[in-house]
Amino acid sequence: MKLNIALLAGDGIGPEVIDQAVKVSDAIAKKFGHEIAWTPALTGAAAIDAVGEPYPDSTHEVCMAADAVLFGAIGHPRYDNDPKAKVRPEQGLLKMRKKLGLFANVRPTFTFPSLIDSSPLKRERIEGTDMIILRELTGGIYFGERGRLDDGNTAFDTCTYTRAEIQRLAKLGFEMAMTRSKRLCCVDKANVLETSRLWRETVQDMEKDYPEVKVSYEFVDAVAMRLVQWPNTYDVMITENLFGDILTDEASVISGSMGLMPSASVGVHTSLYEPIHGSYPQAAGKDIANPLATVLSAAMMFEDAFKLKDEAEAIRTVVNKSLAEGIVTEDLAGKNKAYKTSEVGDWLAKNV
Ligand code: IPM
Ligand code: MN
């Protein structure tokens, strides 16, 4: 099979972790007889530096023409402490999500047997955790009207959702629940917010189309708490953009390191695969970042975008093997030897 993949490395550790995912994917392609054509394109601060724009049209064209997008990370400290910056790397990410119609962000949280004791949570609380948060990605407060009043001292951001936006995300949630334990948790703040009440009403209306799925409705504050108490009681969760942003960061460390969890963003056009972690600027260029989240994102890409399940499984198997044998970066090494980002990538590619 010929695989056409857009490669958006982005900022910070993005290029380093992407390099490892490319090595591993190329090794998989060789083993299974596929041919991958990688097309690199600029995004984030790197794109601002080069062409003044974080998601240039030329990059969008590359993404639209590809079968899948593999993405590193976006963000640069130069912009973080400058609230007056006119262009920001993150705007590129939002523009990309909007233009590619990526309305659903699929963020799994699972545990690795060999890492159970690296989790900040106790073993008995996390054993068996295997959940997916489906975060709405192109609506809500991220994309609502925002601004300052003339006095300069008053600011606002608005959260808007349409029934149709909620339905298309919830539909994915119901379908995903049907392939798993048939439990779906709708997370909102319906005791306060009108948008949340529309979420709840819309999902309740859809229940009749999926009689086998048992839906629970929980408030986001309670979920934030239960996620650290009983993560293994959740299965598929659906939620709006900002709640999903916060809860997925919380969920991502349950496995033991933020550098482990992959994600997929799907919707209208080309799907995108990326690690959950950010650009981790402190580590950029040091060859120390954990590449596994990006490597596992490539596995999600093989499975979802190309329906190549065996290839995806082969990646997951070699990743588990590296963890079991302690071929890990410093975030997981503890007192043992820490391998470099590139060494982990080389080992994985060789052992595929
Ligand atoms: C994420 C990130 C982005 C978001 C930022 C970088 C705009 O935190 O992908 O979760 O808030 O969506
Ligand atoms: Mn986030």
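FYI, the numbering just counts along the sequence from 1. In listed order, ligands and their atoms are each counted from 1.
Residue Glu90 has no nitrogen or oxygen atom sitting less than 3.5 Å from a nitrogen or oxygen atom of ligand 1, judged on distance alone.
A salt bridge links Asp57 with Lys99: at least one charged nitrogen is closer than 4.0 Å to a carboxylate oxygen. Taking the charged nitrogens against the carboxylate oxygens, Lys286 and Glu330 have no contact shorter than 4.0 Å, which rules out a salt bridge. For the pair Glu175 and Lys171, the salt-bridge criterion is met [side-chain N within less than 4.0 Å of a carboxylate O].
Ring-plane geometry between His60 and Tyr55 is classed as perpendicular, the angle between the planes exceeding 60 degrees on a 0 to 90 degree scale with a lower cut at 30.
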inquiry  = Using the rule given for side chain to side chain contact (heavy atoms under 4.5 Å, CB included), can you reason through Leu308 versus Phe32, listing the C-alpha separation, both sets of side-chain angles and the distance that settles it, and then say yes or no?
reply    = CA-CA 10 Å; Leu308 298 173; Phe32 288 86; over 6 Å; no

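Atom OD1 is the N/O/S atom of Asp245 found closest to the Mn ion (ligand 2).
Among all non-hydrogen protein atoms, the one lying nearest atom 11 (O) of ligand 1 is Tyr142 OH, 2.5 Å.
At a 4.0 Å cut-off, at least one heavy atom of Arg135 sits close enough to ligand 1 to count as contact. Using a 4.0 Å heavy-atom cutoff, Arg97 is listed among the residues neighbouring ligand 1.
Atom CE of Met258 sits about 7.0 Å away from atom CD1 of Ile276, to the nearest 0.5 Å.
Near Arg107, the atoms of ligand 1 lying under 4.0 angstrom from a non-hydrogen atom of the residue are 1 (C), 9 (O), 10 (O). Interface of Asp245 with ligand 1, defined as ligand atoms under 4.0 Å from a residue heavy atom, comprises 1 (C), 4 (C), 8 (O), 10 (O), 11 (O).
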